[in-house]
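Report on the structure given below.
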Amino acid sequence: MKGLLELLHQSMVYIRTRWKLRTAYRVSFLLDMLDIFIGVVTYFVLGNWLSGPASETIKIYGENYASFLIVGMIVNQFFRASYEVFYWALSSKYWSNELTLLLLSPRGIEAMIIEAVLVTYMDISLYAFLIFLFGFVVLGTPYSPNANPLLLILVFTLSIVSILSLSLVSASMFFILNAKQGLEPISWLVSMLTPFLAGTYYPPEILPQPLQQVAWLLPQTHGLASLRKIVLKGCGFYEILQSVAYLAAFSIVAVCLGRLLFKRALKKALKEGDMPHW
Amino acid sequence: MVQEDFKDDYIVEFENVCKMFRRRSEEGFFRGDLLVYKLLRRKREEAGLVRALESVSFKVGRGECLGVLGPNGAGKTTLLKLACSLLLPDSGSVYVNGLDTREHTDKTKSMAMIIPGSRFFGFNELLSPESNLMYWAAVFQVPRARAKELIEEALKVFGLSEVRDRRVMFLSSGMRQRLNMARSFLAGRTVWALDEPTIHLDPWVAEDIRQLVKNVLVGERRYTILLASQNIYELEKLCDKILVLNKGKVVLYDSVDNVKSKLGHRRRIKITFDQALGKNHIETLTSEFDIVNVGDNYVEIITKNAVETLPKLYKLLRRLGLKPSDILVTEPSLEEIILKLLR
C-alpha cells in the first residue's frame with residue numbers, strides 16, 4: 001500500500017511538472033489548442049465535400065481526386081518546407097551555438113541561409129520525387145500531356161519566392177518578438193491556414209465566400225491552383241495569368257518586407273546582445 | 001595603471017565602454033512569454049536595466065595576452081563578445097586593429113574568433129573532427145586546396161590526429177576543446193577570445209589545455225589573446241596583463257608582474273605550534289594581526305611589512321606562552337591578492 005501511494009505521489013509530481021512546462025509558454029499552448037480545432041474543421045469540410053459535390057468541383061482541376069491530392073501533397077511539401085526553413089534554421093543554429101560562429105564567418109548569416117535552403121530542398125526534392133513516382137508511375141494517376149514545363153517552373157519559382165519571403169518575415173520574429181521557443185506566430189498562422197484554406201486537400205472553391213476571399217490572399221492558394229491546372233489540365237499562360245500576376249506582385253512586396261524585417265531583427269539582436277545565447 | 005607608451009600598435013582597444021541589458025519581466029499571466037509581453041506593449045522600464053560594463057578602458061598590443069578575471073556576472077563574457085563584434089557598445093568605443101566596431105562591424109568581425117568553454121558548441125556530433133573541420137573551413141571560405149593542408153596542420157598542432165575519424169559524440173571534453181581551437185585556427189584570425197577554456201575540465205586535462213594555449217597561441221606571439229577565466233593560476237601562468245572586473249567595473253588593470261610587485265611585498269607568515277591553540281590565543285592574535293587562516297595548531301598572517309611584524313609577533317607569542325615549532329614566510333599568490341581586492 002505504501003509503495004502504491006509513493007508511486008501515485010511520484011506520478012502526480014511528473015504530471016504537475018509536465019503541466020507547468022506545457023503551459024510555461026501560454027500563447028503557444030493556446031495556439032496549439034486552436035490548431036487542433038482548425039484540423040478538425042478541415043477534415044469536416046473535406047468529408048462533407050467528398051460525400052457531396054466532389055465530382056463536380058474537381059473538374060476545375062482535372063480528372064479525379066487522386067491526381068488532385070497527389071499534386072497537392074507534392075506542392076505542399078515544398079511550400080511547408082519553404083515557410084518553415086529560415087525560422088527553423090535560425091532556431092537550430094542559435095540553440096546549438098553555431099550562429100555565433102556563423103556570424104564571425106565571411107558570409108555571416110548569409111551562409112546559414114544558403115545552407116538551409118540547399119539542405120531543405122535536397123530532402124524535399126527526394127520526397128516529392130518518390131510521391132511523383134508512386135502516384136503517377138506506379139498508380140498510373142493521369143497528368144496532362146500538354147503541361148508546359150516552362151510555365152510550371154515559372155509558377156513554382158514565383159510561389160517558392162513569395163513563401164520564402166514569408167519565411168524570412170517569420171525568422172525575423174525570432175529576434176523582434178523574441179519568439180525563440182514555443183510557436184512563432186507567422187509560421188503558425190501560415191501553416192494553420194494552408195491546409196484549411198489554400199486547397200491542399202480540397203479546392204478552395206467549396207469554402208464559404210468570406211473564407212474564399214481570405215484563401216485567395218494566400219500565395220499558396222494561387223500556387224497550388226495554378227500548378228494543378230498546368231499539370232493536370234494542361235492550362236496555358238493566359239488561363240492562369242491572374243494567379244501569376246498575383247504571385248509576382250506578392251513576391252516583390254514580400255521580398256522587400258522580409259529583407260527589411262530580417263535586417264532590423266539582426267540589428268536589434270546585435271544591439272541587445274541577443275545573437276549568441278550563451 | 002600599466003605603462004602603455006611602449007607599444008604603438010594596439011590590436012584591441014576599449015575606450016570608456018558601457019553596455020547595458022534589459023532585465024526580463026517575470027510577472028503576470030504571460031510571465032516568461034516575451035511574445036505577449038511585447039505585443040501588450042508593457043512598459044520596458046518595468047523590467048529595468050542591468051549594467052553589464054561601465055566605463056571599461058584597456059588596450060592589448062599585438063601578440064599580447066590579456067587575462068580577464070572576475071566573479072560570475074562580472075561582465076567577462078560581455079567584454080569578449082564586444083571584442084569580437086558580436087555585441088556593440090551602448091557608449092564608448094571598441095577598436096579592433098584600429099577600426100571602430102560600430103562603424104566597421106563586418107571588417108572587425110572577420111578579425112576575431114571566440115572560443116567558448118562549452119562542450120557543445122556547433123559541432124555535428126555524428127561527424128568526425130576532420131569532417132567537422134572540413135565543414136567549418138567551407139564556412140570560413142578557406143580555399144579548397146589550402147583547407148586540406150590547414151586541417152592536417154590543425155589536427156596535428158592540437159593533438160587530434162589520433163581521433164580524426166572518431167565521431168565527435170565520442171570525444172572527451174578535453175578533445176572537444178582542442179577541436180574548438182582547431183576550428184578557430186582554420187579561420188586564421190589574429191584576435192582570439194577564449195571564454196573560460198578550462199571550465200568543466202578535470203585538473204589534468206585543464207593543465208593540458210593550458211599548455212596548448214601557452215605553446216601554440218601565447219608562445220609564438222602571433223595572436224592577440226583575451227582570456228576570460230575565474231582561475232587566477234591560469235591567468236598568472238598565461239597572461240601578460242590582467243584586468244579584474246567586478247560588477248561591470250574595472251577593479252584592477254595592470255601587467256601581471258606589476259600586480260605582483262606592487263602588492264607582492266605583502267608576506268604570508270605561517271606559524272606552527274607544538275600545542276593546540278585555545279580560543280583566547282586566537283582572539284588575541286586576531287586583534288593584533290591580519291589573520292587569513294587558522295588551524296588546530298597553526299595560524300596564517302598576511303602582513304605588508306614582515307620585518308616589522310616578526311619581532312612584534314614573537315613578543316606577543318611569548319606573552320601568550322606559545323612556543324612556535326616552525327615559522328614560514330612566503331610570498332602570497334596572485335589569487336590571494338585579487339581575492340582581497342574583490343572583497
Would you be so kind as to tabulate the donor-acceptor pairs closer than 3.5 Å made by side chains of residues 8-17 of chain A, with sequence neighbours excluded?
unit_1, atom_1, unit_2, atom_2, d
A:Q10, NE2, A:Y14, OH, 3.4
A:S11, OG, A:L7, O, 2.7
A:T17, OG1, A:V13, O, 2.6

| field | Per-residue contact mode, B:T78 against chain A (heavy atom under 4.5 angstrom) | value | neither

| task | Please list all pairs passing the side-chain hydrogen bond (donor to acceptor under 3.5 Å, both in side chains) test where one or both residues lie in residues 163-174 of chain A, with sequence neighbours left out. | result | A:S170-A:E184

| said: Main chain of A:Y246, side chain of A:H222: is a donor-acceptor contact present, judged purely on distance under 3.5 Å? | reply: no

| task | Against chain A, label B:D90 side chain, backbone, both or neither, depending on which of its atoms sit under 4.5 Å from a heavy atom there. | result | side chain

| Worked verdict on B:R176 versus B:E125 for salt bridge (charged side-chain N to carboxylate O under 4.0 Å, His left out) | CA-CA 10 Å; B:R176 280 164 187 264; B:E125 300 279 317; 2.9 Å; yes

| Any residue of residues 182-194 of chain B which, by heavy atoms, sits under 4.5 Å from chain A | B:R183, B:R189

| Interface moiety of B:A112 toward chain A, non-hydrogen atoms closer than 4.5 Å | backbone

| field | Plane angle bin for A:F78 and A:F156 - parallel if under 30°, tilted between 30 and 60°, otherwise perpendicular | value | perpendicular

| query | When the ring planes of B:F14 and B:F58 are compared, do they come out parallel, tilted or perpendicular, using 30° and 60° as the limits? | reply | parallel

| Which residues satisfy the salt bridge (charged side-chain N to carboxylate O under 4.0 Å, His left out) test with B:R51, sequence neighbours excluded? | B:E54

